[in-house]
Amino acid sequence: MNFIEELKWRGLVKDVTDYDGLIEALKQPQTVYCGFDPTADSLHVGHLQQIILLRRYQNAGHRPIALCGGFTGMIGDPRLTSERKLLSHEDVLHNADCIKNQLAKFLKFDGENAAVMENNNNWLGDMSLLDYLREYGKLFNIAYMLQKDTIKKRLDSGLSYTEFSYTILQAMDFLKLYQKYGCRIEIGGSDQWGNLTSGMELIRKVEGDDAKAWGITSPLITKSDGTKFGKSEGKNIWLDPERTNAYEFYQFWLNIPDDDIIDYLKRLSLHTPEEINTLEESMRAAPEKREAQKVLADELTEMVHGREGLEKAKKITETFFHGDIMSLTPDEMKDGLADAEKTAVSDGITLIDALVSANIAKSKGEARRLIQQGSVSANGAKITDIEAVLKKSEAVNEEFTILKKGKKNYYLLTF
RNA sequence: GGAGACGUAGCAAAGUGGCUAAAUGCGGCAGACUGUAAAUCUGCUCCCUAUGGGUUCGGUGGUUCGAAACCACCCGUCUCCA
């Protein structure tokens with residue numbers, strides 16, 4: 001299996017501009033880029049596929065460039081649905097800073113094929129309007145651009161000139177990286193196809209017909225139940241440890257349905273195809289062991305949260321689901337629940353009021369129901385008395401009480 | 001501009017004078033089972049100081065002992081014609 005064949009096996013190839021040419025080119029070390037726009041102050045799990053794909057190229061001996069769209073982020077990539085809201089200048093700068101640090105975690109910055117971090121603001125930022133229009137705008141035919149899927153689909157619902165220009169800007173990125181680093185391959189999600197081909201087109205026009213460049217897209221990750229990938233209970237799973245802690249991140253992967261886990265392993269894990277095949281067998285033979293889920297959760301959590309983060313996530317998991325919380329020392333409890341929601345309450349508060357004020361229940365009625373249904377426990381003991389009162393003297397260390405709603409929702413009350 | 005239809009709980013959709021805090025489905029929450037799964041089954045799902053009370057059916061007024069339901073006006077959505 002050559003490199004591209006493996007990517008195909010992993011489900012990471014949707015369209016390639018010149019398949020045979022690319023295979024030939026990849027026999028030599030190449031430079032590959034993928035762009036990430038700073039639309040939020042953190043990347044999320046949906047970005048992992050492309051990031052790890054860059055890493056795959058690096059592991060195969062190629063040089064990856066992670067491009068942060070500091071300039072294009074100010075413009076906005078046209079979405080299928082509707083115009084984006086412009087982000088403020090400060091927000092984009094802040095976001096760009098944040099995602100740059102995140103991207104850096106996944107690539108190696110030393111050795112022969114050390115990764116490169118770039119920001120398209122470096123070349124687009126100082127460009128004059130005149131240069132843009134005369135040197136680049138001239139090379140884009142409107143009729144050609146209107147054929148692009150992303151643009152065509154927006155003609156009815158409305159598309160501003162600003163977003164219309166996005167494709168041109170991204171094409172210029174590819175050209176610039178081609179000139180500066182000899183970058184000849186751009187990768188992206190399948191929605192980026194139009195942008196990739198524009199870039200190649202531009203390179204050909206500027207550098208001549210001999211200039212070779214390739215674009216390769218990968219299918220977006222889907223879920224077998226049809227819902228959007230990357231969310232857990234409505235919350236995005238971010239790569240920023242401040243926004244999604246190691247435990248939640250670990251749990252997200254551990255809870256991937258059997259139907260999806262092998263697909264995700266192929267796409268996101270650096271484990272070899274042989275190892276993944278073995279995991280698939282194990283999944284079929286003993287799905288309850290969730291070995292495949294554990295391998296992926298371990299690998300990705302370590303990548304994003306480090307060795308320590310992974311250890312912590314596993315320890316909390318072990319205790320919450322298989323052990324007795326009360327067997328931990330108060331310090332360990334606090335550590336384990338460091339990221340749980342905390343609420344300060346007063347001594348002698350009724351359980352019902354505590355549930356409401358900690359936002360565990362929306363109303364007292366709901367709180368009452370939860371208690372009567374037997375879904376609330378405090379410090380490990382189930383409580384079914386709706387008159388129950390929480391006392392400081394009964395709290396752990398006379399300091400805090402751990403409330404649990406349902407099977408896996410923990411909250412911390414401090415006195 | 002002309003003709004008509006519609007607006008009910010998170011969403012979809014019944015209900016056309018009292019039996020309606022409002023059927024049913026989805027979604028959500030919880031319980032059982034389980035693998036922290038899926039499927040399935042069960043309960044709950046406006047608020048409260050709770051065998052009771054309060055406030056709801058686009059808005060405002062009105063008819064009536066009594067209105068989500070009838071009337072008037074207003075606001076909003078949609079369809080058809082021009």
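Bear in mind that the values here come from a model prediction, so they are computed numbers and not experimental data. Residue numbers begin at 1 in each chain, while the letters A, B, ... track the order of the sequences.
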Review point. Heavy atoms, side chains only, cut-off 4.5 Å: are A/Q58 and A/L54 in contact?
Key: no
Review point. Is the shortest side-chain N/O distance from A/R369 to OP1 or OP2 of B/A50 below 4.0 Å?
Key: no
Review point. Does A/S363 make a side-chain N or O approach to OP1 or OP2 of B/C47 shorter than 4.0 Å?
Key: yes
Mind checking who [N] pairs with, Watson-Crick or G-U wobble, both distances under 3.5 Å?
N: B/A37; result: none
N: B/U49; result: none
N: B/C65; result: B/G18
N: B/G7; result: B/C75
N: B/A30; result: B/U42
N: B/G1; result: B/C81

Work out how far the [atom1] atom of [N] is from that of [M], and round it to whole angstrom.
N: B/C19; M: B/A67; atom1: C1'; value: 15 Å
N: B/C33; M: B/A22; atom1: C1'; value: 34 Å
N: B/A23; M: B/G76; atom1: P; value: 31 Å
N: B/G58; M: B/U64; atom1: C1'; value: 23 Å
N: B/G7; M: B/G15; atom1: P; value: 10 Å
N: B/A68; M: B/U16; atom1: P; value: 14 Å
N: B/C46; M: B/A9; atom1: C1'; value: 8 Å
N: B/U8; M: B/U56; atom1: C1'; value: 10 Å

Review point. Mind checking whether A/Y264 and A/F229 have ring centres under 6.0 Å apart?
Key: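 Here the rings of A/F229 and A/Y264 have centres that are less than 6.0 Å from each other.
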Is it true that [X] and [Y] have a side-chain N and a carboxylate O under 4.0 angstrom from each other?
X: A/E318; Y: A/K314; result: no
X: A/K364; Y: A/D353; result: yes
X: A/K312; Y: A/E308; result: no
X: A/E6; Y: A/R10; result: yes

Check your understanding: With distance as the sole test, does A/S190 use its side chain to make a donor-acceptor pair with the main-chain N or O of A/P219 at under 3.5 Å?
Key -> no
Rounded to whole Å, please give me the gap between [atom1] in [X] and [atom2] in [N].
X: A/K362; N: B/C46; atom1: NZ; atom2: P; value: 11 Å
X: A/I371; N: B/A30; atom1: CD1; atom2: C1'; value: 13 Å
X: A/E387; N: B/U49; atom1: CD; atom2: C1'; value: 11 Å
X: A/I386; N: B/C44; atom1: CD1; atom2: C1'; value: 15 Å
X: A/K404; N: B/C29; atom1: NZ; atom2: C1'; value: 16 Å
X: A/K405; N: B/U45; atom1: NZ; atom2: P; value: 16 Å

Check your understanding: Taking for each residue the nucleotide of RNA chain B with the nearest heavy atom, is it A/L370 or A/K364 whose nucleotide lies nearer the 5' end?
Key ->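 It is A/L370 whose nearest nucleotide is closer to the 5' end.
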Review point. With a 3.5 Å cut-off and no angle check, do the side chains of A/Q170 and A/E186 form a donor-acceptor pair?
Key: yes
Check your understanding: Quick one: the side chain of A/Q373 and the base of B/G31, do they pair up donor-acceptor inside 3.5 Å?
Key -> no
Practice item. Determine the interplanar angle of the A/Y161 and A/F164 rings, folded into 0 to 90°, and report it as parallel if under 30°, tilted if 30 to 60°, perpendicular if over 60°. Key: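 Plane angle between 30° and 60°, so tilted.
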Exercise for review: Would you mind building the protein contact string for nucleotides 33-38 of chain B? One character per nucleotide, 5' to 3', B for base within reach (heavy atoms under 4.0 Å), S for sugar-phosphate only, - for untouched.
Suggested key: BBBB--
